[in-house]
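Presented below is the structure to which this report refers.
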Amino acid sequence: MTVHLLGPIQLEEEVERLIEWLATFGKTEKGGVTRLLYSEQWLSAQEALKEKMEECGLAPYFDDVGNLFGRAEGSSPSSKTILTGSHIDTVIEGGKYDGAYGIIAGLLATHYLLKRFGTPKKTIEVVSLCEEEGSRFPLTFWGSGSVTGRRSFKHIQKIVDSKGISFVQAMNECGFGQERFRQPFRNDIQCFIELHIEQGSVLEKKKKSLGIVSDIVGQRRYQVKVVGESNHAGTTPMPCRKDAVAITSELITYLMKQAKQVCDQLRVTVGKIKVEPNVPNVIAGEVVFTIDIRHHEEELLEQFCSTFSRHFKNVSAQYNVDILLNEWLNVKPVKMDQQLLRLSKEIAEEQNLSHEILVSGAGHDSQMFGTYCPTALFFVPSHNGISHSPKEYTAAAYLESGVKFLIHYLYRLAY
């Protein structure tokens, strides 16, 4: 059933105003936003959002890790909660839309539904998740992971930030982690709905207003150490060398060629390289580099990783050098809920909203929720695909169409 909206909804100015308002908490001199977990800017933003939720007719509350919820109680007492929102934290010098848009969109959509249709049958909650990025502490998805039971207080006991401040201390100084609020784990969530900027250029290039995500990629990350032999650049003959840089270049070239041959949607990145001794006239004795591998099919990921691992062993034997491979991250791909996916397509078609089915190459809170409850993830276009940057931008018309889509979507789920 299509939602019969009360006249044309004008949301462009409102959604932009609220995006700009939220960006003032942590705004930098370069025009970006730095709002790290449990910082002064983070806490101010959460407290301000709490007040905004009250203004919008929601009943706000925190949990004990600092996730903020705004609750619109449903008339059916036995119903589970429909949860929508995203994360409040940013990367350092990040953009104003990443995470924030999903929270603002959920707030505007729920506020409209309450004004237009009154009390929902099923409870809707808008969530401002405390952390997703891992920008301050070496731990990601603390907010959604705590709600879904994938993260707990035992995971943070020994973690410190770059200044030596412990995770526990920072959390306590903001008033959390002391059992003053409800425990974060939930067993009453029917589904999680996340609206986000794409952080890529597919939608803009294809001139589509909405991305409907079918899968979130799995990720494997490795650290590779190539141990050769450091020696004189002028006196060591080429056949006698154990040049760690030359061997590393062969390994990287192999990875890139194989990735292109296997699948267009396979992503392989070597993002960090450290060379020792890193001197112009000395043959490198050691190289350490990283590999980031992503795809939405676990079988293909496993096959590719097994194949390149065997190749690295062969190269090690060929050159008589040590090649040490350490897998330090293994995140499984996550499929979005098929029923919610069908509903997404149906509503987009009813609204004549141009849309594209996408695989998300980035991790989102939906990755945590997707193995815990039915989950749907949607994108609006990002200009030039730029994100995690002050240059991050999404046109107001796309922001508005995303909120309107969410209004229809939440109506179909809750009313």
Run the ring pair (Phe, Tyr, Trp, His ring centres under 6.0 Å) test against His311 and tell me which residues pass, sequence neighbours left out.
Tyr254
Leu129 and Ser144: which non-hydrogen atoms are nearest, and at how many Å?
CD2-N, 3.9 Å
Do the non-hydrogen side-chain atoms of Asn330 and Glu327 ever get within less than 4.5 Å of each other?
yes
Take Lys274 and Glu286, measure what salt bridge (charged side-chain N to carboxylate O under 4.0 Å, His left out) needs, and give me the verdict at the end.
CA-CA 8 Å; Lys274 182 182 179 183; Glu286 181 178 293; over 6 Å; no
Across all chains, not counting sequence neighbours, the ring pair (Phe, Tyr, Trp, His ring centres under 6.0 Å) partners of His364 are His196, Phe379
Can you list the residues that meet the ring pair (Phe, Tyr, Trp, His ring centres under 6.0 Å) rule with Phe312, with sequence neighbours excluded?
Phe308
Can you name the nearest heavy-atom pair linking Pro277 to Gly285, along with the distance?
CD-N, 4.0 Å
With a 4.0 Å cut-off on N to O distance, would you call Lys50 and Glu47 a salt bridge?
no
Can you name the ring pair (Phe, Tyr, Trp, His ring centres under 6.0 Å) partners of Phe25, sequence neighbours left out?
Trp21
With ring centroids as reference points, do Tyr101 and Tyr97 lie under 6.0 angstrom apart?
no
With side-chain hydrogen bond (donor to acceptor under 3.5 Å, both in side chains) as the test, would you mind laying out the steps for Glu125 and Tyr61 before giving the verdict?
CA-CA 10 Å; Glu125 287 190 5; Tyr61 66 93; 3.0 Å; yes
Does NZ or CZ of Arg186 fall inside the cone over Phe69's six-membered ring, less than 6.0 Å from its centre and within 45° of the axis?
yes
Measure up the Phe167 and Phe137 rings against each other and bin them: parallel (under 30°), tilted (30 to 60°), perpendicular (over 60°).
tilted
Test: ring pair (Phe, Tyr, Trp, His ring centres under 6.0 Å). Region: residues 315-337. Which pairs qualify, not counting sequence neighbours?
none
Does either side chain, that of Ser79 or that of Gln190, offer a donor lying less than 3.5 Å from an acceptor on the other one?
no
Closest heavy-atom pair, Phe378 versus Ala376, reported as atoms and distance to 0.1 Å, is CZ-CB, 3.7 Å
Applying side chain to side chain donor-acceptor pair (under 3.5 Å) to Gln199 and not counting sequence neighbours gives Asp98, Ser387
